[in-house]
There are 2 protein chains.
Amino acid sequence: MAESRTDDDLDRFDRQILQILQAEGRISNQALAERVNLSPSPCLRRVRALEAAGFITGYRAEVDPRRLGYGLNVVLHISMDQHTPERFEAFEARVAELPEVVECLLITGQEADYQLRIWVADMDDYQRILLQHITRIPGVSGVHTSFVLRRVMPARGLPPR
Amino acid sequence: MAESRTDDDLDRFDRQILQILQAEGRISNQALAERVNLSPSPCLRRVRALEAAGFITGYRAEVDPRRLGYGLNVVLHISMDQHTPERFEAFEARVAELPEVVECLLITGQEADYQLRIWVADMDDYQRILLQHITRIPGVSGVHTSFVLRRVMPARGLPPR
DNA sequence: TATGAAACTTAGGCCGA
DNA sequence: TCGGCCTAAGTTTCATA
């Protein structure tokens with residue numbers, strides 16, 4: 001059984017490739033090879049190896065939520081009445097059914113158990129989702145809402161350590 | 001001056017294209033065309049139009065932070081002593097210099113002004129960043145930390161409304 | 001707008017260094 | 001492991017409906 005690769009198996013080429021692909025996920029292999037000063041074949045081999053080893057987990061197009069009619073980004077902190085596996089499983093299943101939810105984190109802390117990120121059209125839309133969906137999930141005992149006023153910093157990738 | 005497009009200018013092809021590209025950002029145009037039942041040329045035209053109109057803002061490779069040696073994902077809620085433009089600008093500039101910060105949101109709420117998301121190697125690494133960088137930024141009057149135990153739900157795109 | 005054909009570019013396998 | 005070569009596959013433009 002082969003050892004699985006970790007970050008310190010990566011050389012400067014791999015690191016550069018990861019950096020560039022995090023910013024430009026659809027760059028052609030030729031252009032990528034040129035940027036890292038390799039010829040196309042070894043460059044492509046490295047990309048495929050990074051994918052196979054799980055360093056790269058996928059490629060995604062980024063869309064502008066506002067263009068799609070989502071005017072309001074909301075962070076919800078949610079506390080549960082009981083910390084039982086059943087409660088958590090049921091909550092997670094219900095939340096996964098809501099298309100507006102873009103992220104759901106289980107977090108530490110006394111005031112919250114989950115942090116949800118959702119995109120909604122406007123305040124009315126938010127109220128609808130909160131009252132008709134979120135607060136009706138069994139076990140939800142408290143919800144704290146923050147609205148995202150602005151996203152600081154452009155999207156940026158994680159640098160290989 | 002042309003009207004800018006909004007979500008209700010999108011037909012079922014555009015919506016489908018957006019959905020697919022959010023999940024598979026590097027799918028070939030041919031495969032994409034096949035999936036939406038178009039021939040490659042009009043499909044590519046639509047993708048380019050969606051990019052030009054700002055519906056698609058970019059393409060990114062997704063990397064696995066753990067594979068890169070980041071074992072701990074932290075959510076920091078940060079409050080500022082004074083709510084002046086100077087304080088905010090200075091904070092944002094300092095935060096943008098830290099490579100571990102993957103997101104910074106200006107949010108509403110009495111207990112916090114900013115929400116940061118950072119990836120660190122471990123607790124020691126977290127302490128270092130918190131004490132040597134975050135708390136030293138002028139104006140930071142309070143920091144509340146939550147650790148991400150688990151990310152619920154796989155990465156998913158936003159459905160066109 | 002869609003299609004289909006044609007010209008061009010890229011991907012990916014193979015091999016020699 | 002790299003780089004070069006080669007073939008297959010994909011991209012992109014254009015004429016046509």
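The chains referred to below are lettered A, B, ... by the order of the sequence lines, with proteins before strands, and numbering in each begins at 1. What you see is a predicted model; the values in this text were computed from it and never measured.
Salt bridge status for B/Arg46 with B/Glu51: absent, with no side-chain N to carboxylate O gap under 4.0 Å. The pair A/Arg161-B/Glu100 fails the salt-bridge criterion, with no side-chain N (NZ, NE, NH1 or NH2) lying under 4.0 Å from an Asp/Glu carboxylate O.
Protein atom CG of B/Asn37 is 13 Å distant from nucleotide atom C1' of C/dA2, rounded to whole Å. Rounded to an integer number of Å, the gap from CG of B/Leu10 to C1' of C/dT1 is 16 Å. If you measure from atom CZ of A/Arg12 to atom P of D/dC2, you get 11 Å, rounded to the nearest angstrom. We find that CZ of B/Arg46 is positioned 18 Å from C1' of D/dT11, with the value rounded to whole Å.
Under a 3.5 Å cut-off, the side chain of B/Asp113 and the backbone N or O of B/Thr108 do not form any donor-acceptor pair.
The hydrophobic cluster around A/Tyr70 extends to A/Val63, A/Leu68, A/Val102, A/Trp119, B/Leu10, B/Phe13, B/Ile17, B/Leu18, B/Ile20, B/Leu21, B/Ile27, B/Leu32, B/Val36, B/Leu38, B/Val47, B/Leu50, B/Phe55, B/Ile56, B/Tyr59, B/Leu158, counting ILVMFWY residues whose side-chain heavy atoms fall within less than 4.5 Å of a member.
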Quiz item: What is the per-nucleotide protein-contact pattern of nucleotides 11-17 of chain C, from the 5' end, where B denotes a base atom under 4.0 Å from a protein heavy atom, S denotes such proximity for sugar-phosphate atoms only, and - denotes neither?
Solution: SBB----
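With A/Leu116 as reference, A/Leu76 is the one residue of A/Leu76, A/Val75, A/Val143 to meet the side chain to side chain contact (heavy atoms under 4.5 Å, CB included) rule. For the salt bridge (charged side-chain N to carboxylate O under 4.0 Å, His left out) with A/Glu103, the qualifying choice from B/Arg156, B/Arg150, B/Arg117 is B/Arg117, the only one to do so.
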